[in-house]
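A quick write-up on the structure given underneath.
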Amino acid sequence: MNIKDTVSKIKSGKQSCRELLDEYIPVILDGQEKLNTYITLLLDSAKERAESLDARIAAGDSSGDLLGIPVAIKDNMMLSGTRTTCGSKILENYISPYTATAVGKLIDAGAVIVGKTNMDEFAMGSSGETSFFGPARNPNDPDRIPGGSSSGSAACVADSQVMGSLGSDTGGSIRQPAAMCGVVGMKPTYGYVSRYGLVAFASSLDQIGPFASNVEDAARIFTVIAGFDEKDSTSIAPGESDFVRWVHEKGMKLKIGIPREYMGGGLSGEIHNRIADTARRLERSGFEIKDISLPLTKYAVAAYYIVAPAEASANLARYDGVKYGYRTPSPDDLLEEYKVSRQEGFGDEVKRRIMIGTYALSSGYYDAYYLKAQRVRRLMERDFQEAFGDVDIILSPTSPTTAFKLGEKTQDPLQMYLSDIYTISCNLVGLPGINVPVGKDSAGLPIGAQLIAPWRCDGKLLYAARQVEKIYE
Ligand code: GLN
């Protein structure tokens with residue numbers, strides 16, 4: 001059942017919110033045990049919430065596009081009174097003092113939040129393995145990674161523990177785990193979903209977006225969470241209030257471009273063939289397919305791994321043991337308190353990013369690294385503008401491989417970084433992108449196709465995603 005039908009069932013009184021939640025609870029508990037999908041389960045408050053929604057419905061108010069729908073949120077989003085750990089020891093006991101705008105919108109729409117999902121520490125990672133709370137696992141094969149950094153948010157949807165979830169995407173953290181787990185995951189246009197209450201990793205790249213098991217549900221959640229928010233200075237008004245209609249749009253012809261740089265070296269043969277096959281099938285359904293070029297793709301990973309760590313090093317300066325989170329028990333003096341709290345509170349990957357970022361921003365290196373990366377970013381925007389002068393949508397693989405084994409890449413950060421090659425550019429340029437599952441490989445692991453649309457064309461993106469989804473139904 002999709003979200004719309006489930007909500008109708010609740011509104012018509014055929015099922016109560018509590019009954020629906022009770023169907024999900026055993027799946028959640030079982031999944032948590034097998035897959036470590038949550039850092040904090042909120043089942044008691046979810047039960048209370050479902051019951052209070054039922055009381056509201058009984059009193060005649062059954063408003064809300066997500067009425068009674070069980071959802072989960074990534075543990076880098078504030079939900080007042082709950083822990084927000086960011087997958088880190090440094091925030092292990094941090095209690096959210098307020099609720100993030102996107103999360104508040106879910107609640108206002110009637111959703112029932114069942115838990116806060118596992119994630120790479122501070123969203124830095126591509127596999128979920130940098131979490132202080134141990135890695136989440138892939139429901140398709142628990143020996144494999146679910147992708148990251150929104151590892152738990154992707155896995156819990158793939159495992160049918162919830163009908164939807166929220167993740168954040170700084171360089172691929174929604175689309176890439178969606179591909180690994182075989183679900184839909186969307187990164188909206190930068191600014192469409194408020195970042196207020198999302199713990200900052202790299203502020204100019206971070207964007208919240210939905211996971212769901214189909215495009216329509218993703219569009220529905222996205223419609224709920226999108227919107228201008230004066231509490232986020234980079235927020236922009238989406239200019240439309242219903243993205244679901246795009247999913248039902250018919251007959252709109254699209255010219256779809258496949259960037260040759262996204263189909264070359266490093267890409268698994270099976271994924272290559274599946275994307276090429278998807279393109280052929282789209283062509284047969286009447287869409288025009290075009291070979292295009294995004295020449296600066298080769299600099300994307302390098303530019304991202306300067307910009308993102310630079311912003312992270314500034315954003316994470318606040319964790320010094322004084323105001324937020326972990327403080328080392330008995331420091332000799334104040335300086336020692338800062339140093340040791342950070343040393344003990346942060347994991348290796350976070351420290352690596354802080355060091356890279358601090359280096360890139362330091363006097364004498366700023367122009368050579370940070371400024372140069374920002375210039376590359378500007379040029380990449382031109383690359384995409386040129387491409388979109390010719391095509392409506394870009395189609396590519398989401399990830400160069402399917403889900404790899406736990407532990408396979410943890411010793412080699414560069415290998416890990418390279419798994420983001422196809423998703424990073426969207427963030428550097430602020431474009432909307434989405435992962436749509438396109439079947440499985442010969443080992444039974446999900447393959448994901450990525451679609452990218454021009455800036456502010458999230459509706460068209462969802463339309464295209466629906467067309468790809470149809471092929472594999
Ligand atoms: N894997 C990328 C990184 O480690 C992207 C993570 C993200 O999108 N949050 O930075």
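Just follow the structure's listing: the first ligand is 1, and inside any ligand the first atom is 1.
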Checklist entry - Taking only heavy atoms of Gly125, which atoms of ligand 1 are found under 4.0 Å from at least one of them? => result 1 (N), 2 (C), 3 (C), 4 (O), 6 (C)
Next on the checklist: A quick test of your reading: do over 12 heavy atoms of other residues, nucleotides or ligands sit less than 6.0 Å from CG of Asp348?
Outcome noted: no
Item to check | Option from Val162, Asn118, Val27 for which side chain to side chain contact (heavy atoms under 4.5 Å, CB included) with Cys156 holds | outcome: Val162
Checklist entry - Looking at Phe201, which atoms of ligand 1 are within less than 4.0 Å of one of its heavy atoms? => result 9 (N), 10 (O)
Checklist outcome for this item: among protein heavy atoms, the one nearest atom 4 (O) of ligand 1 is Arg353 NH2, 2.7 Å
Checklist entry - Any heavy atom of Tyr417 sitting closer than 4.0 Å to ligand 1? => result no
Checklist entry - Rounded to the nearest 0.5 Å, what separation is found between the CD1 atom of Ile145 and the CD atom of Glu408? => result 9.0 Å
Next on the checklist: Salt bridge check, Arg274 against Glu270: does any charged N sit closer than 4.0 Å to a carboxylate O?
Outcome noted: no
Checklist entry - N/O to N/O below 3.5 Å, does that happen between Thr170 and ligand 1? => result yes
Next on the checklist: Quick check: Tyr417 with Tyr304 (ring centres under 6.0 Å apart)?
Outcome noted: no
Checklist entry - Got a salt bridge between Glu381 and Arg377, using NZ or NE/NH1/NH2 to carboxylate O under 4.0 Å? => result no
Item to check | atom 2 (C) of ligand 1: nearest protein contact (heavy atom, Å) | outcome: Asp420 OD2, 3.1 Å
Item to check | Met124 neighbourhood, listing ligand 1 atoms whose heavy-atom distance to it stays under 4.0 Å | outcome: 4 (O)
Checklist entry - Which ligand 1 atoms are under 4.0 Å away from a heavy-atom of Gly171? => result 5 (C), 7 (C), 8 (O)
Checklist entry - Salt bridge between Asp65 and Arg220, side-chain N to carboxylate O under 4.0 Å? => result no
Checklist outcome for this item: atom 6 (C) of ligand 1 has as its nearest protein heavy atom Ser173 OG, 2.8 Å
Checklist outcome for this item: Of all protein heavy atoms, the one nearest atom 5 (C) of ligand 1 is Tyr304 OH, 3.3 Å
Next on the checklist: Quick test of your reading of the model: are Lys89 and Glu92 salt-bridged, counting only N-O distances below 4.0 Å?
Outcome noted: no
Checklist entry - Does ligand 1 have any atom sitting under 4.0 Å from a heavy atom of Gly172? => result yes
Checklist outcome for this item: One finds that the ligand 1 atoms under 4.0 Å from a non-hydrogen atom of Ala123 are 6 (C), 7 (C), 9 (N)
Checklist entry - What residue and heavy atom of the protein are closest to atom 3 (C) of ligand 1, and at what distance? => result Tyr305 OH, 3.3 Å
Checklist entry - How about Tyr94 and Tyr319: are their ring centres within less than 6.0 Å of each other? => result no
